[in-house]
Amino acid sequence: MPELPEVEVLRRSLEPRLVGDEVRRVEVRSPALREPLDPEGLDRHLTGRRIERLDRRAKYLLVEMAGGSTLVVHLGMSGQLTLVPPDVPPARHEHLALHLAGGSRLRLHDPRRFGNAFALATRDLAADRHFAHLGIEPLSDELSGSFLQQAARGRRGPVKAFLMDARVVVGVGNIYACEALFRAGVHPTRSVARISRERWDRLAEAVAAVLGDAIEEGGTTLNDFRNGMGESGYFQVSLAVYGREGEPCPRCGEAVRRRVQSNRSTYYCFRCQR
DNA sequence: CGTAGACCCTGCGCGC
DNA sequence: TGCGCGCAGGGTCTAC
């Protein structure tokens, strides 16, 4: 579930319901996430504080508290952050719960435990090791063909891995790397050393477009969340190639192919992507 | 230094 | 129906 668009949709859906509420109690139900949860740190930075605003950096959701501290949540592969009424019993993989003064409970549920949650004393993200190395935001005006071309200078390797390298540009996961490459007509294994300026322009446009479109379509996730319904149907229908091995390419009809790059599935059209 | 690959973990769908 | 296998949208670490 969690790619950048989903995190952004989550941020937008939670913000109006969380801002102004206050953390009454922090409950660490099972600390075994990718990095062990730190009950003392979470308690110290969150308990008794009012939620001022929600932000996002890369795929990290930032819950900014009055007084300047910040709760940082990463959903990993299977994480869900949901707001539930207090009488809803704990979920099987509910690792962290924030009990709010308004009565509801903000819970982090993550079966695969690749997620992460921690609190920072300040809002100075760049000083924290999780953020220090991160590249530009893909939906900012920093993303451009010339930026990508500059960043690729002197580098080797396939363009797909380059687009997914968070030191260059954040938030481009496996799905949207595939979708952006398809939209730009660039073959996923093409070396970054062999991409023209025109193609870098197309790639920059494609990355912003697929992420932007996904955020707009993700509005349905907002409705699901509000109604307490499931998460199915999110953006699946809009994916051109991802997860569609053997299905016809929407542009030319050639069967979509799948191959493995760096242990991840890549979906692409052999004819449209060069 | 950069790049490629392994790995962390649970759940689900598929084929047998 | 039951079971084993492959696969899953994340990031990080190690070996080369």
Side-chain angles (χ1 to χ4, degrees), chain A residues 1-10 29-37 56-61 72-81 91-96 108-118 125 128-135 138 151-182 188-194 207 210-211 213-215 217-218 220-221 230-246 257-268:
Chain A
M1 278 156 269
E3 289 239 11
L4 183 146
E6 170 122 327
V7 178
E8 178 59 25
V9 169
L10 178 67
R29 299 181 47 82
S30 70
L33 290 182
R34 181 155 50 86
E35 294 171 23
L37 295 178
R56 178 189 59 75
R57 172 74 170 114
K59 293 169 188 166
Y60 291 93
L61 184 74
V72 182
V73 177
H74 197 294
L75 300 177
M77 293 276 253
S78 57
Q80 287 181 44
L81 190 67
R92 179 160 151 70
H93 297 287
E94 183 173 328
H95 304 287
L96 174 66
L108 175 62
H109 158 268
D110 183 8
R112 289 180 73 181
R113 294 193 256 137
F114 291 164
N116 199 3
F118 55 94
L125 299 182
D128 184 79
R129 65 187 170 83
H130 298 87
F131 301 94
H133 66 285
L134 294 182
R153 190 159 291 171
R155 294 185 55 149
R156 303 178 283 119
V159 61
K160 188 196 174 204
F162 176 78
L163 290 179
M164 291 178 69
D165 187 341
R167 294 167 302 178
V168 177
V169 55
V170 300
V172 184
N174 200 39
I175 289 180
Y176 297 105
C178 293
E179 294 295 307
L181 287 162
F182 173 76
T189 65
R190 174 174 283 271
S191 166
V192 293
R194 302 185 162 278
V207 166
V210 296
L211 294 174
D213 288 354
I215 289 171
E217 302 207 20
T220 54
T221 302
E231 312 238 358
S232 61
Y234 166 66
F235 200 52
Q236 293 302 309
V237 291
S238 299
L239 298 176
V241 289
Y242 185 86
R244 297 189 181 279
E245 182 182 16
R257 299 189 183 188
R258 172 182 172 271
R259 65 188 295 160
V260 176
Q261 278 179 287
S262 306
N263 278 344
R264 313 294 284 273
S265 287
T266 299
Y267 298 88
Y268 65 105

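As the structure is a computational prediction, the values presented were derived from the model and not from experiment. The sequence lines fix the lettering, A, B, ..., with proteins before strands; numbering per chain opens at 1. Any value given below was found using the heavy atoms of this structure, including those in side chains, with hydrogens, waters and symmetry copies removed.
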How many whole angstroms separate atom CD of A:Q80 from atom P of B:dC9? 21 Å
Among C:dG10, B:dT10, B:dA4, which nucleotide has an atom closest to any side-chain atom of A:R34? C:dG10
Is A:F114 stacked on the base of B:dC9 when the test is centres under 5.5 angstrom and planes under 30 degrees? no
Let's test this: given Watson-Crick or G-U wobble pairing with both distances under 3.5 Å, identify the partner of B:dC9. none
Would you kindly give the CG-to-P distance between A:L33 and B:dT10, to the nearest whole Å? 12 Å
Please determine whether a side-chain nitrogen or oxygen atom of A:R112 lies at a distance below 4.0 Å from atom OP1 or OP2 of B:dG11. no
Atom-to-atom span, CD1 of A:I175 to P of C:dC7 - whole angstrom: 17 Å
With a 4.0 Å limit, can you tell me whether A:S265 has a side-chain N or O closer than that to the phosphate oxygens OP1/OP2 of C:dA8? yes
note: A:Y176, atom OH; C:dG10, atom C1'; distance rounded to Å ~ 14 Å
Could you give the distance from CG (A:L33) to NE2 (A:H95), rounded to the nearest 0.5 Å? 5.0 Å
By the Watson-Crick or G-U definition, both distances under 3.5 Å, C:dG9 is matched with none
For a salt bridge (charged side-chain N to carboxylate O under 4.0 Å, His left out) check, start with the C-alpha distance between A:R129 and A:E35, then their side-chain angles and the critical distance, and finish with the verdict. CA-CA 13 Å; A:R129 65 187 170 83; A:E35 294 171 23; 3.1 Å; yes
Minimum side-chain heavy-atom gap A:I215-A:E8 below 4.5 Å: yes
Rounded distance (nearest 0.5 Å) linking atom CG of A:L108 with atom CG of A:L75: 6.5 Å
Between C:dT14 and B:dC9, how far is it from one P atom to the other, in whole Å? 16 Å
Is there a donor in the side chain of A:T266 and an acceptor in the side chain of A:K160, or the other way round, less than 3.5 Å apart? yes
A:H74 NE2 to C:dT12 P: how many Å, rounded? 8 Å
Kindly say whether, by distance alone, the side chain of A:R113 makes a donor-acceptor pair under 3.5 Å with the base of B:dC9? no
Atom C1', compared across C:dG9 and B:dT3: separation rounded to whole Å: 23 Å
For A:F131, report the nucleic acid contact type (base, sugar-phosphate, nothing); a contact means any heavy atom under 4.0 Å. nothing
Expressed as a whole number of angstroms, how long is the span from A:M77:CE to C:dG6:C1'? 13 Å
What nucleic acid atoms does A:R264 come within less than 4.0 Å of, heavy atoms only: base, sugar-phosphate, or nothing? base
Side chains of A:Y268 and A:T189, heavy atoms from C-beta outward: is any pair under 4.5 Å? no
Give none if C:dT1 has no partner; otherwise give the nucleotide forming a Watson-Crick or G-U wobble pair with it, both distances under 3.5 Å. none
Does A:H93 place a side-chain N or O at less than 4.0 Å from the phosphate oxygens OP1/OP2 of B:dT10? no
Under 4.0 Å between a side-chain N or O of A:Y267 and OP1 or OP2 of C:dA8? yes
Give A:N174 one of three labels, base, sugar-phosphate or nothing, depending on what nucleic acid heavy atoms sit under 4.0 Å from its own. sugar-phosphate
Under 4.0 Å: is that the gap between some side-chain N or O of A:R155 and OP1 or OP2 of B:dC1? no
What's the CD-P distance between A:E3 and C:dA8, to the nearest Å? 13 Å
When we call it a touch if two heavy atoms are under 4.0 Å apart, what does A:R92 touch: a base, just sugar-phosphate, or nothing? sugar-phosphate
What integer distance in Å separates A:L163:CG from C:dG9:C1'? 16 Å
Closest-nucleotide 5' rank along DNA chain B - winner of A:N263 and A:R156: A:R156
